Participant: 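One structure, as structure tokens, below. Some questions next.
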2 protein chains.
Amino acid sequence: MARKRFDDSSCSVARALNEVGDWWSLLVVLHAMYGTRRFVDFQQELGIARNILCDRLARLVDNEVLKKVEVGEHGSRFEYRLTEKGRDLFPIVIALRQWGDKWNPAPDQEPLDLRDRETGRTIRPVEVQDADGKPLTVRDVFVPEENNARSPSGSKKKAG
Amino acid sequence: MARKRFDDSSCSVARALNEVGDWWSLLVVLHAMYGTRRFVDFQQELGIARNILCDRLARLVDNEVLKKVEVGEHGSRFEYRLTEKGRDLFPIVIALRQWGDKWNPAPDQEPLDLRDRETGRTIRPVEVQDADGKPLTVRDVFVPEENNARSPSGSKKKAG
DNA sequence: TGAATCTGGTTTTAAAATGCAACCCTATTC
DNA sequence: GAATAGGGTTGCATTTTAAAACCAGATTCA
């Protein structure tokens with residue numbers, strides 16, 4: 001019996017992971033954010049098996065993270081473009097990259113230096129903040145009682 | 001041939017996903033953030049198979065996301081606690097949760113209401129910001145040329 | 001003392017997922 | 001009209017996964 005599904009889980013993290021929580025999906029989204037749009041380009045950049053790439057692209061399209069656009073270039077060609085939902089994964093991808101850079105730095109690679117297109121200045125680390133922008137750690141927060149009941153996940157029983 | 005590994009990938013997102021990018025690992029981390037520490041508690045809360053839980057806990061300990069602590073309670077009991085590296089996944093987990101709440105809301109569940117322990121006020125959505133705290137989308141940023149060469153991933157060849 | 005129980009695992013078995021290579025079809029270029 | 005590129009699909013061997021059974025040390029219960 002293979003992978004469990006979490007489509008109907010009451011935990012939104014589980015539901016999110018259901019859509020982008022496997023090895024390749026988030027890397028596809030990452031590359032899409034950097035401008036990749038074509039099947040062959042994803043395939044070559046990621047070194048992913050073609051059938052797996054097909055499956056992931058189709059699933060991301062199903063989940064409306066990507067949209068498949070026919071481009072009239074010459075002949076029948078397609079592009080996979082991020083939707084707003086897909087672009088909304090930006091903080092997650094960047095946070096993951098920063099975490100990777102911080103805790104598993106590649107010896108021969110300086111960390112990502114992403115900059116504001118307007119000002120040219122480096123972005124800051126992605127963090128959880130209170131309403132005023134004060135950074136918060138996991139120890140600084142709590143879940144109010146009404147919510148606490150089914151928190152954090154509630155995925156008690158098998159969902160597949 | 002099963003899953004490819006990215007341990008030595010030059011892409012820090014790939015390396016991050018190598019450690020916490022599978023179905024269960026991040027859910028384990030999530031529950032750890034909410035206070036779960038014991039094997040049986042993880043098992044019951046997540047509904048995960050015990051062998052998979054063993055494997056994930058061991059891998060997370062190997063990767064120093066969790067540490068296994070012997071607690072002298074009575075007999076040989078263990079607790080799995082987040083390390084600083086593990087707690088540093090907080091923004092990622094929260095961003096994922098917010099994304100799930102926003103784009104795949106559960107009909108019967110209001111979104112996570114996480115609050116600052118001090119002020120009692122709700123946290124804001126996790127976002128990418130410039131140095132001043134101005135929110136940035138994927139379209140607002142660029143990678144300077146020196147970095148751009150091997151960006152975004154560079155994981156061209158098979159790594160496993 | 002000894003049976004039941006709790007905790008934290010390991011083993012076994014079957015169904016899926018993955019990776020690779022080979023094949024297919026359309027359209028295009030030489 | 002042969003070779004090539006884009007975008008897939010199919011088959012097969014290898015891994016992972018899920019579920020449940022089994023195991024072993026320590027503890028409580030009777």
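Every chain is numbered from 1, with letters handed out A, B, ... down the list of sequences. Values below: every heavy atom of this structure, side chains too, minus hydrogens, waters and symmetry copies. Just so you know, these numbers come straight off a predicted model, no measurement behind them.
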Participant: By nearest atom, which of the nucleotides D:dA18, C:dG19, D:dG8 is closest to the A:Cys54 side chain?
Facilitator: D:dG8
Participant: Closer than 4.0 Å, any side-chain N/O of A:Tyr80 to the OP1 or OP2 of D:dG6?
Facilitator: no
Participant: Let me know the distance between CD of B:Gln43 and P of D:dA21, rounded to the nearest Å.
Facilitator: 14 Å
Participant: Would you indicate which nucleotide in C:dG19, C:dT12, C:dT18 comes nearest to any side-chain atom of A:Arg56?
Facilitator: C:dT18
Participant: Round to a whole Å and report the spacing from CD of B:Glu79 to P of C:dC6.
Facilitator: 19 Å
Participant: Look at the side chain of B:Arg115 and the backbone N and O of B:Gly120, then say whether any donor-acceptor pair between them is shorter than 3.5 Å.
Facilitator: yes
Participant: Rounding to a whole Å, what distance do you find between A:Asn51:CG and D:dT10:P?
Facilitator: 11 Å
Participant: Does a salt bridge link A:Arg59 with A:Asp55, judged by any charged N lying under 4.0 Å from a carboxylate O?
Facilitator: yes
Participant: Do any side-chain nitrogens or oxygens of A:Arg77 fall under 4.0 Å of OP1 or OP2 in C:dT26?
Facilitator: no
Participant: May I ask you to evaluate whether A:Trp24 reaches the phosphate of C:dT18, defined as a side-chain N or O under 4.0 Å from OP1 or OP2?
Facilitator: no
Participant: Nearest whole angstrom, please: distance from the P of D:dG7 to the CG of A:Leu66.
Facilitator: 14 Å
Participant: How many Å lie between CG on A:Leu46 and C1' on D:dG7, as a whole number?
Facilitator: 16 Å
Participant: Looking at A:Arg38 and D:dG7, is any side-chain donor or acceptor paired with a base atom of the opposite kind under 3.5 Å?
Facilitator: no
Participant: For C:dT7, take OP1 and OP2 only and decide whether either is under 4.0 Å from a side-chain N or O of B:Lys68.
Facilitator: no
Participant: Measuring from the side chain of A:Asp22 (C-beta onward, heavy atoms only), which nucleotide among C:dT18, D:dG7, C:dC20 has the closest atom?
Facilitator: C:dT18
Participant: Could you check whether the side chain of A:Arg50 and the base of D:dG8 have a donor-acceptor pair of N or O atoms closer than 3.5 Å, going by distance alone?
Facilitator: yes
Participant: In plain terms, say whether A:Glu118 and B:Lys134 are close enough for a salt bridge, that is, a side-chain N and a carboxylate O under 4.0 Å apart.
Facilitator: yes
Participant: Rounding to a whole Å, what distance do you find between A:Ile52:CD1 and D:dG7:P?
Facilitator: 18 Å
Participant: Rounding to a whole Å, what distance do you find between B:Phe39:CZ and C:dG8:C1'?
Facilitator: 6 Å
Participant: Which heavy atom of A:Asp130 sits nearest a heavy atom of B:Arg124, and at what distance?
Facilitator: O-NE, 3.4 Å
Participant: With the side chain counted from C-beta on, respond yes when A:Phe39 and A:Phe78 share a heavy-atom pair under 4.5 Å apart, and no when they do not.
Facilitator: no
Participant: Separation of A:Phe78 atom CZ from C:dA27 atom P, in whole Å?
Facilitator: 11 Å
